[in-house]
Every structure is written in structure tokens, then in C-alpha cells.
There are 2 protein chains.
Amino acid sequence: MIEKLKRHKELLGYAAMMAVLMLLLRWLEFRFLILEHQFEIYVTIIAVFFLLFGIWLANKITNPKEKTIIVEKEVRININEPFILNETELELRKISKRELEVLSLMAEGLSNNEIAERLFVSLNTVKTHSAKLFEKLEVKRRTQAIETAKKLGLLAPTLG
Amino acid sequence: MIEKLKRHKELLGYAAMMAVLMLLLRWLEFRFLILEHQFEIYVTIIAVFFLLFGIWLANKITNPKEKTIIVEKEVRININEPFILNETELELRKISKRELEVLSLMAEGLSNNEIAERLFVSLNTVKTHSAKLFEKLEVKRRTQAIETAKKLGLLAPTLG
DNA sequence: AAACCGCTCATCCTTTTGGGTGATTTTAAA
DNA sequence: TTTAAAATCACCCAAAAGGATGAGCGGTTT
């Protein structure tokens with residue numbers, strides 16, 4: 001709202017400026033046709049005017065750049081409540097279903113080989129998935145991945 | 001980097017444009033001094049040029065407008081009773097303090113080497129401890145050890 | 001003193017895990 | 001339809017983890 005008014009104000013300002021300019025030019029044309037530096041002045045005015053107009057136009061056109069600020073909000077949760085998967089975090093880190101599947105089997109303590117057998121894929125595939133997971137979770141080892149994942153709410157906590 | 005190149009490209013473009021304009025104007029001045037619409041053309045060219053220049057200038061000058069998006073990130077907090085170590089299980093499995101120490105560092109995702117540094121012992125020592133732990137917990141891998149330990153109440157559960 | 005235990009460390013060897021890269025295929029979205 | 005992302009697999013190499021075994025040291029218990 002205020003933004004719009006400001007822009008309108010600017011616009012009106014420029015319009016008024018233009019009107020004044022026109023009058024000024026007419027006046028120059030008919031009154032002092034043979035003024036010594038008339039041409040230079042005229043050109044300068046035009047230049048300055050369009051320069052300002054260009055600046056204004058650019059400001060109008062430019063799309064504002066977005067900056068995201070993540071604010072952590074504490075939420076108290078009872079242990080006994082069922083685990084709720086944090087899908088926001090999943091999307092944020094672009095973790096696929098398959099990767100999450102591997103992650104969860106990892107957390108159960110399975111080796112890559114066992115995971116491969118469980119999912120009917122090759123060992124190499126499991127490795128690829130785990131490598132991507134480590135990148136996305138910003139960790140170096142599977143144990144860290146499990147820790148981090150639980151903290152982020154991607155895996156259910158292990159309760160005795 | 002790409003941004004900078006783009007800007008440079010633009011800059012060079014404008015420079016070239018200006019040079020062409022100068023030549024054009026000279027040409028107009030000396031060759032067709034009495035051309036019918038010379039003045040209007042000249043002014044138009046000046047106007048267009050400064051309009052573009054203004055746009056370019058504005059883009060250069062304007063500090064990027066930041067639009068802040070606040071994303072609330074839920075952080076799970078456990079208000080339940082603090083973790084109670086299951087000492088019975090500890091005694092039953094004859095797990096020593098040192099072993100438990102290693103186990104807990106393991107659960108934090110540390111490598112054997114990092115654990116060794118943390119405890120001021122050699123890598124081999126850590127390996128020995130972990131090997132004994134695996135025996136006592138009846139597991140094969142550290143990930144399983146962590147899982148089992150949490151289930152037995154030897155380690156605090158990881159809560160988001 | 002002998003036996004035992006926890007802690008320490010070593011060596012040798014194998015398996016597992018992880019990093020990097022590249023390729024193909026399937027699937028989903030624009 | 002073109003593009004983009006996911007999922008699949010391979011190969012190579014390096015680092016970490018694990019298994020097996022032996023051994024020394026400082027305590028406590030008997």
C-alpha cells in the first residue's frame with residue numbers, strides 16, 4: 001500500500017516534471033530561438049530527464065531478490081506420542097523415498113550388503129544412496145547420518 | 001562470476017553503443033546539417049541512449065531488495081524425565097565404564113580414531129573396547145551396538 | 001603370591017565403508 | 001516434447017572398521 005503510494009508519488013512527480021519541461025522547451029523555442037547554447041541545454045535536459053526516467057523504470061521492473069531467514073521454533077513434544085516424520089526437512093534436503101528407506105535400514109544396524117539384499121538392489125546402488133544421504137545430511141559416517149536423521153525427525157527415535 | 005561477466009557484457013555493449021552514437025552524430029552534423037528532422041532524430045537518439053543508460057545505472061547502483069521469508073523450523077524438545085541408565089543391564093552384561101564411554105561416543109557418530117583422540121588412548125585400544133562391546137551386546141556392527149544399547153537403556157535416545 | 005580384571009597397546013589380516021566418476025534407464029514434471 | 005530428477009549399476013581406490021590373538025601393567029580378591 002505504502003509502496004504503491006510511493007510509486008504513484010514518484011510517477012506524478014515525473015509527470016509534472018515532464019509537463020514543466022514541455023513548457024520550458026516551448027518557451028525556449030518561441031522566445032529565444034537564437035539563444036547561444038540553446039541546443040546544448042536542450043540536449044542536456046533531455047539527457048538528464050531520460051536518465052532519471054531510466055533509473056525509475058529500472059527500479060520498477062527489477063524483481064526483488066528474496067532472502068530466507070530460518071527461525072527455529074521450539075516445540076515441546078511428548079515422547080509417547082507417535083513419531084511424526086518431518087516432511088519439511090525431507091523436502092528441504094531433497095531426500096528421496098528410496099534414500100530414506102536406506103537410511104532407516106541403516107539405523108536398524110544393517111550393513112550395506114544386507115540392505116542391498118533387503119531392497120533387491122546391488123551393493124553399489126546402496127552405496128550410491130548412502131553417499132547421497134551423507135551429502136544431504138552433511139555428515140561423513142553412517143553413524144552420524146543416523147544421529148542427525150533422528151534429530152531432524154527423519155527417523156523415529158530408538159526407545160527402550 | 002557469471003553475474004559479473006553478464007554485467008561486463010552489458011557494459012561493453014553500452015560502450016560500443018556510445019561509440020556508434022558519437023560517429024553517427026558527427027556524421028549527421030557535418031554531412032546533413034540542414035536535414036529536415038535532424039534535430040528530432042538527434043534528441044530521440046539522446047533520449048533512448050540515456051534511458052538505457054539510466055536503466056543500466058540503476059541496476060548497477062540499486063542495492064538488492066531483500067524480501068525476508070521466515071520459515072519456522074520445529075525443534076523437538078523433550079520435557080519428559082531425564083534418561084535413567086539401566087544399571088542392571090550394565091552389570092548383567094559386565095560392561096565396564098570405559099566401554100560405556102566408548103559406546104556413547106560411538107553413538108554420537110565419532111570414528112574410532114576420533115574416540116581415541118577424545119579419550120587420549122590409541123586407536124587399537126578403542127578397537128579392543130569396541131570388539132568387547134560387540135561381544136557383550138551380541139552384535140556385529142557399531143550401528144547395531146548403538147541400536148541395541150538404546151533399546152536396553154544403556155544410552156539416552158536421540159530426540160529431535 | 002596367585003588369580004583375576006580392567007585397561008592399555010600391538011600386529012596381521014579381512015571386510016566394510018566411503019569418495020569419486022561415469023553411464024543407463026525409468027519416472028515425473030514443465 | 002523436452003527437461004529434470006530418481007534410481008540403478010559399475011569400477012577403482014582409500015580409509016575405517018572389525019576379527020583374532022597376544023601381551024604388559026596396575027589394582028583387587030582370595
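Order of the sequence lines fixes the chain letters, A, B, ..., with proteins taken first and strands second; residue numbering starts at 1 for each chain.
Nearest nucleotide to the B/Arg98 side chain, out of C/dC7, D/dA6, C/dC9: C/dC7. Nearest to the side-chain atoms of A/Ser122 among the listed nucleotides C/dT16, C/dC9, D/dC9 stands D/dC9. Nearest to the side chain of B/Arg142, among C/dC7, C/dC9, D/dG18, sits D/dG18.
Within the structure, every pair that satisfies the salt bridge (Lys or Arg N to Asp or Glu O under 4.0 Å) test and touches residues 151-160 of chain B, not counting sequence neighbours, is listed here: B/Glu147-B/Lys151.
You'll find the side chain of B/Thr158 stays beyond 4.5 Å of the side chain of A/Thr158, heavy atoms only. Between B/Val126 and B/Leu105, every side-chain heavy-atom pair lies at or beyond the 4.5 Å cut-off. A/Ile95 is listed as a side-chain neighbour of A/Leu137, based on a closest heavy-atom distance under 4.5 Å. Contact annotation: the side chain of B/Leu152 approaches that of B/Arg93 to within less than 4.5 Å [non-hydrogen atoms, C-beta and beyond].
Here A/Ser96 pairs with A/Glu99 under the side chain to side chain donor-acceptor pair (under 3.5 Å) rule; sequence neighbours left out.
Residues of residues 103-112 of chain B having a heavy atom closer than 4.0 Å to DNA chain C: none are found.
Each of B/Glu101, B/Glu114, B/His129, B/Arg142 was compared with B/Met106 under the side-chain contact (heavy atoms from CB on, under 4.5 Å) criterion, and only B/Arg142 meets it.
For the helix from C/dA1-D/dT30 to C/dA30-D/dT1, the end axes, each set by the C1' atoms of five terminal pairs, are bent relative to each other by 50° (nearest 10°).
When the side-chain nitrogen and oxygen atoms of A/His129 are compared with OP1 and OP2 of D/dT8, one or more of them lie within a distance under 4.0 Å.
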Contact pattern, 5' to 3', of nucleotides 19-30 of chain D - B, S or - by protein heavy atom under 4.0 Å: S-----------
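Using a 4.0 Å heavy-atom cutoff across all strands shown, B/Thr125 reaches at least one base atom of the nucleic acid.
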Produce the list of close N/O pairs, under 3.5 Å, pairing protein atoms with atoms of nucleotides 3-5 of chain D; give distances to one decimal.
none

